[in-house]
Amino acid sequence: MSYCVNCGVELEESEKNCPLCGVEVINPRMPYVEGAPRPYPARLDPINARMNRRFIAVILSIIIAFPAVLTLSINYIYSGEAGWSAYVASSMVLLWFFIVPLFLWQRLSFLRVVIPAVIALAGFLRFMEYLNPGSGWYLKLALPVLCLVAVPFAIIGWLIEKNKLRSYYAASVIMFVMAMITFAVEFLTESYAYGSVKMDWSFYAAIPLGAIAAALLAIARRRSWRDRINRRIHI
Ligand SMILES: [Zn+2]
């Protein structure tokens, strides 16, 4: 019996290299035998992995559904309507959309996770307005703020995933977008709350963010700076 000198896995004489880590097998007492039967599967079973993910999705769905169904039925039995339990149930639906899609997709991607979560959040907020009608905060404030945050970050995330936006450039763009979002959020909240707009606090947040964005952009454009920083922080 041989053992891998690198990872310690047990090896048969059929292996020239460790099937786990690829390190060469050297054991003078048990040399490599070409053509000896291999005890390891040739490939991992993808169906099994898929079933496991689906199983996790089902278990999580049951765990999330349980408090929703329980509170809805208790509330309905005692008062004949879904009053307070509607909050619990809708929160659980939102939670489901945040967690379970991670296990439902066979191939995960940024947008596949973010889009359902954002749509669910928009629906959740709309439902909250339905439960507490008045003032029109959903269309005037909640939905625009959600779109303002979600759309740029969905685009940035997608670009990073596609490797079109990298390291310091990506960080710089994120800081810049955050600065822009701060202005937009203050604009929306001011016009919603007072009907007129007087910008103040967003400058305090946006100016440092903009400065960091500019510094990151400068680093991204200069190779020597980038190398020096990477060496300092060991990447
Ligand atoms: Zn090994």
Verdict with supporting geometry, Glu15 and Cys4, side chain to side chain contact (heavy atoms under 4.5 Å, CB included): CA-CA 10 Å; Glu15 300 311 301; Cys4 172; over 6 Å; no
Would you check, one step at a time, whether the test side chain to side chain contact (heavy atoms under 4.5 Å, CB included) holds for Thr71 with Trp84? CA-CA 9 Å; Thr71 48; Trp84 55 270; 3.8 Å; yes
If you look at every heavy atom in [X] and [Y], which pair is closest and at what distance?
{"X": "Glu129", "Y": "Gly136", "answer": "OE2-CA, 3.3 Å"}
{"X": "Pro31", "Y": "Glu13", "answer": "O-CB, 4.0 Å"}
{"X": "Asn75", "Y": "Ser85", "answer": "OD1-OG, 2.9 Å"}
{"X": "Ala213", "Y": "Phe176", "answer": "CB-N, 3.7 Å"}
{"X": "Leu111", "Y": "Ala154", "answer": "CD2-O, 3.7 Å"}
{"X": "Cys18", "Y": "Cys21", "answer": "SG-N, 3.3 Å"}

[atom1]-[atom2] distance between [X] and [Y], expressed to the nearest 0.5 angstrom:
{"X": "Phe98", "Y": "Leu121", "atom1": "CZ", "atom2": "CG", "result": "5.0 Å"}
{"X": "Ser14", "Y": "Glu34", "atom1": "OG", "atom2": "CD", "result": "11.5 Å"}
{"X": "Trp96", "Y": "Ile64", "atom1": "CH2", "atom2": "CD1", "result": "8.5 Å"}
{"X": "Leu108", "Y": "Glu161", "atom1": "CG", "atom2": "CD", "result": "9.0 Å"}
{"X": "Lys162", "Y": "Ser109", "atom1": "NZ", "atom2": "OG", "result": "7.0 Å"}
{"X": "Leu60", "Y": "Ile99", "atom1": "CG", "atom2": "CD1", "result": "6.5 Å"}

Chi angles and distances behind the side chain to side chain contact (heavy atoms under 4.5 Å, CB included) call for Tyr169, Leu217: CA-CA 6 Å; Tyr169 278 111; Leu217 186 66; 3.8 Å; yes
Strictly distance-based, threshold 3.5 Å: is any side-chain N or O of [X] a donor or acceptor partner for the main-chain N or O of [Y]?
{"X": "Asn6", "Y": "Val23", "value": "no"}
{"X": "Trp105", "Y": "Arg112", "value": "yes"}
{"X": "Ser172", "Y": "Tyr168", "value": "no"}
{"X": "Glu186", "Y": "Asp200", "value": "yes"}

Run Leu72 and Tyr76 through side chain to side chain contact (heavy atoms under 4.5 Å, CB included) and show every step you take. CA-CA 6 Å; Leu72 278 172; Tyr76 190 77; over 6 Å; no
Is any side-chain heavy atom of [X] closer than 4.5 Å to a side-chain heavy atom of [Y]?
{"X": "Ile181", "Y": "Phe153", "result": "yes"}
{"X": "Thr182", "Y": "Trp201", "result": "yes"}
{"X": "Leu11", "Y": "Pro19", "result": "yes"}
{"X": "Leu125", "Y": "Leu143", "result": "no"}
{"X": "Phe103", "Y": "Arg54", "result": "no"}
{"X": "Tyr32", "Y": "Val25", "result": "no"}
{"X": "Glu12", "Y": "Arg38", "result": "no"}

Qualifying residues under ring pair (Phe, Tyr, Trp, His ring centres under 6.0 Å), relative to Tyr130, sequence neighbours excluded: Phe127
Only counting residues at least two apart or in another chain, list the ones meeting ring pair (Phe, Tyr, Trp, His ring centres under 6.0 Å) with Phe183. Phe203
For Phe187, look at atom CZ and say whether over 12 heavy atoms of other residues, nucleotides or ligands are found less than 6.0 Å away. no
Take a 6.0 Å sphere around OH of Tyr138 and say whether it holds more than 12 heavy atoms from other residues, nucleotides or ligands. yes
Is there a path of hydrophobic side-chain contacts, each under 4.5 Å between heavy atoms of I/L/V/M/F/W/Y residues, joining [Y] to [X]?
{"X": "Val58", "Y": "Phe97", "answer": "no"}
{"X": "Leu102", "Y": "Ile63", "answer": "no"}
{"X": "Ile74", "Y": "Tyr87", "answer": "no"}
{"X": "Val177", "Y": "Val151", "answer": "yes"}
{"X": "Leu95", "Y": "Val69", "answer": "no"}

Identified side-chain contact (heavy atoms from CB on, under 4.5 Å) partner of Leu165 from the options Ile174, Ile155, Ile160: Ile160
